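What follows is a set of notes on a single structure, which appears directly below.
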Amino acid sequence: MEGEVTIATSISRAAEARDRLLSNRIEAARECVACYKDTDMYAAMAYCNIGFMQAIMTFDRENIAQSLVDIDAAMQVINSHRHKDNMVSYLMSYVKNRDFSTFAELEVHAELLYAETLLVRAILTFAEDQDSLVSFVKGAFKIKTAHSLYKEMYTCLSDRATAIPADNILHKNEIIGGINMGWGAFILGLSLLPPKILRLLEFCGLQGDKMLGHNLVVEAEKMDVLRSFVAAAGLLNYQTIVLQFIKREEYDSNVVDTILSKYLARYPGSVTFGFYDGRREVISGELEKALEKYELCEQSPIDWIQVYHLCYWEKMWCHAMLLQWDQAAHFANRLYKESKWSRTLFGYQYVAFKFMSDSESADLEDIAKLVPKYQLKIGGKHLHIEKFAIRKARSFLRNDKFLCLPGLELLYIWRFIPLMSKESQQKLVKMIEACLEDIANIVPYHTQHPLDDWFLCNLLLAVLTAELGDHEHALSLLRTALQSEDNIQVDHFYIPYAHFELGVLYARKGENIQARAHLRYAKEFSNKVKSYSLENRLLFRIHSTLSEVPEH
């Protein structure tokens, strides 16, 4: 019974850290497991997870380095409790899955914790050596290993419910909940990837299943075990953030309302769940209410001010959707000055939103010049959104501090236009129509490529017109714009985005052959121009849309 007491105590300590963390007492959460982290594997995991959160929130190299040390120390503690195979069992594991019924209970917990730690280590590996592809390869290998462990445990659980040993049903639920959450999140995330990437991953043994993955994470959340809050946050993230970019129609308000009702009652004032409460209002188009929720989050005392940066990001977009450009620029500027996440993106967003406002600002040129200076690499790769921001900032400088509707363009690429009120959408229509008049009448025009701006205006006008219910006019605008696609000189990414929007409109009309033709054209556009801005985010949307459009 000694092992049972050890596991019970271990889980209890981690649960105490969780409760403090979700009550905004982050350093207190770290302290409650700090003195046990060298011997207690759940305490070690909790301690390294808090350090991992700090590294991601601050994106500070010292915090990243310290977090890696803590993760490696946790892996040593966890490894010491893992099942030790003899040579025959080790060789047989390459042929068939291990039989977890032969494991001691502590060893199964260790296996699950090891898979979780590998994932955390993999994510941080991408940020560890930002300039090298080696970090990408190392991180990918750790993800593959974690995937194999989760798959093996889930297969064992599916084949034989009694295969997971545990003398205590509560401890068994901890194991089952952890496996469901980890494997479910894995296959749900993989299912969202474009087919080209997914086929490559499947060749490497990774697989995706959206429905099963989502259901498993839901089950893990409902089990009310240690990891349920992670499943809850994952579901809220998927519902209120991921689906906004991929397929907003699948948003399930019942899932979001149920989770938030439970956790806001359990952790009143929690910034974590308060943030998602704000996101719920954003998705519902209640932007003023969302701003109030984010204000409440900022009033809650918390150990890391970087948590407030999430609220600044959301408030920036809320003000932009309300066409309050100065306020949007204010929060973009705060992020630019205070956050290390992406000063390149924040700097450009400040320039774009400030340009849209009526107020004058003397610092736009200086900030635009600095935008390329802060470009990041993750796993040796530049971020696509930062490359877009740099190109637009350079265009701003090259064209005598002019851009065509940059704030509206940002609202479009981040998919916020559908969340705006009809009144705001109609104001944007008038703004675009005025811009089209300028393109037609101002000689010489502000830039050397007026056709690119004309194409952008028609693309944005079509999206807004469709949102306002006039699908036929939206189709006409896109078809007219695409007649000139071969004459686009700089912003070639407008072309596949226009074909995508055209495909979506045809799908709504039930003209599936036309819809699939335009979606495939957008999908294969990189074969024509090699690469273009914001390609990856469009491919995610194409993949999601094509999967819903019948062949005939």
Side-chain angles (χ1 to χ4, degrees), residues 239-241 243-254 256-257 277-294 313-329 331 349 352-353 355-358 404-438 454-481 494 497-498 500-510 541 544-545:
Q239 289 287 340
T240 66
I241 297 176
L243 287 180
Q244 177 188 329
F245 294 102
I246 296 176
K247 199 166 185 64
R248 193 167 60 90
E249 294 80 3
E250 293 182 5
Y251 172 71
D252 189 337
S253 61
N254 290 329
V256 175
D257 292 344
D277 196 16
R279 281 295 308 174
R280 170 171 58 176
E281 301 294 355
V282 170
I283 293 295
S284 302
E286 300 289 345
L287 303 179
E288 297 287 358
K289 288 183 181 179
L291 286 168
E292 292 175 5
K293 297 288 177 67
Y294 295 132
W313 172 262
E314 290 297 320
K315 289 168 79 172
M316 175 188 71
W317 289 116
C318 286
H319 285 300
M321 284 186 279
L322 291 166
L323 309 186
Q324 297 168 350
W325 304 115
D326 271 324
Q327 292 94 321
F331 285 105
Q349 287 175 322
F353 292 137
F355 179 83
M356 297 290 295
S357 73
D358 295 327
C404 179
L405 302 174
L408 179 47
E409 183 180 40
L410 285 171
L411 286 170
Y412 169 67
I413 64 175
W414 286 95
R415 295 210 75 190
F416 282 110
I417 288 177
L419 305 181
M420 299 173 71
S421 68
K422 298 302 179 187
E423 180 184 359
S424 292
Q425 290 173 349
Q426 288 165 349
K427 288 180 180 179
L428 289 179
V429 167
K430 293 179 180 178
M431 194 182 298
I432 296 169
E433 289 172 345
C435 193
L436 284 169
E437 286 186 21
D438 288 345
W454 174 85
F455 196 105
L456 171 64
C457 286
N458 279 279
L459 169 60
L460 296 174
L461 191 56
V463 171
L464 284 159
T465 302
E467 287 295 329
L468 291 167
D470 193 346
H471 292 177
E472 288 302 323
H473 185 41
L475 281 167
S476 176
L477 287 166
L478 289 169
R479 285 193 291 251
T480 300
Y494 296 155
Y497 273 79
F500 169 77
E501 299 294 350
L502 199 53
V504 169
L505 287 172
Y506 277 124
R508 288 176 182 171
K509 292 181 65 180
R541 294 171 64 186
S544 177
T545 305

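All values below were derived from every heavy atom in this structure, side-chain atoms included, with hydrogens, water molecules and symmetry-related copies excluded. Residue numbers run from 1 in the order of the sequence given. Since this is a predicted model, take the numbers as computed values, not measurements.
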With distance as the sole test, does Lys315 use its side chain to make a donor-acceptor pair with the main-chain N or O of Ala290 at under 3.5 Å? no
Locate the shortest heavy-atom distance separating Arg508 from Ala466; write the atom from each residue and the value. NH1-CB, 4.3 Å
I would like to know whether Glu472 and Lys509 meet side-chain contact (heavy atoms from CB on, under 4.5 Å); could you show each step before the answer? CA-CA 10 Å; Glu472 288 302 323; Lys509 292 181 65 180; 3.1 Å; yes
Hey, what do you get for CE (Met431) to CG (Leu323), rounding to the nearest 0.5 Å? 5.5 Å
Closest approach of Gln425 and Ile417, non-hydrogen atoms and distance? NE2-O, 3.0 Å
Hey, does the side chain of Gln244 reach the backbone of Trp414 with a donor-acceptor pair shorter than 3.5 angstrom? yes
Minimum heavy-atom distance between Leu436 and Cys457, given as atom pair plus value: CD2-CB, 3.5 Å
Locate the shortest heavy-atom distance separating Val463 from Glu501; write the atom from each residue and the value. CG2-CD, 3.9 Å
Aromatic plane relationship, His319 with Phe331 - under 30° parallel, 30 to 60° tilted, over 60° perpendicular: parallel
Could you tell me the separation between the CG atom of Leu460 and the CG atom of Leu405, rounded to the nearest 0.5 Å? 6.5 Å
Any chance the side chains of Glu409 and Tyr494 put a donor and an acceptor closer than 3.5 Å? yes
dist Met321:CE -> Leu291:CG (nearest 0.5 Å) comes out at 8.5 Å
Tell me if the aromatic rings of Phe353 and Trp317 count as close, with their centers under 6.0 Å from one another. yes
Inter-residue atom distance Ser253.OG - Gln239.CD, 0.5 Å rounding: 9.0 Å
Yes or no on side-chain contact (heavy atoms from CB on, under 4.5 Å) for Thr545 and Val504, after CA distance, side-chain angles and deciding distance? CA-CA 8 Å; Thr545 305; Val504 169; 4.2 Å; yes
Are any of the side-chain heavy atoms of Arg415 and Arg541 separated by less than 4.5 Å? yes
Closest non-hydrogen atom pair between Gly278 and Tyr294, with its separation: C-OH, 3.2 Å
Calculate, to the nearest 0.5 Å, the distance between atoms CG and CD1 belonging to Leu243 and Ile283 respectively. 8.0 Å
Close side-chain approach of Gln327 and Leu322, heavy atoms under 4.5 Å: no
Checking Lys427 against Glu423 for the side-chain contact (heavy atoms from CB on, under 4.5 Å) test, could you report, in this order, the C-alpha distance in whole Å, the side-chain angles of both residues, the deciding distance, and whether it holds? CA-CA 6 Å; Lys427 288 180 180 179; Glu423 180 184 359; 3.8 Å; yes
Minimum heavy-atom distance between Ala328 and Ala320, given as atom pair plus value: CB-N, 3.8 Å
Can you tell if the side chain of Thr240 reaches within under 4.5 Å of the side chain of Val282, non-hydrogen atoms only? no
Ring-plane angle category for Phe416 and Phe245, please: parallel below 30°, perpendicular beyond 60°, tilted otherwise. perpendicular
To the closest 0.5 Å, what do you measure between CG (Leu410) and CD (Gln349)? 6.0 Å
Show, in sequence, the C-alpha distance, side-chain angles and deciding distance for Thr480 and Asn458, and conclude whether the side-chain contact (heavy atoms from CB on, under 4.5 Å) test is met. CA-CA 8 Å; Thr480 300; Asn458 279 279; 5.5 Å; no
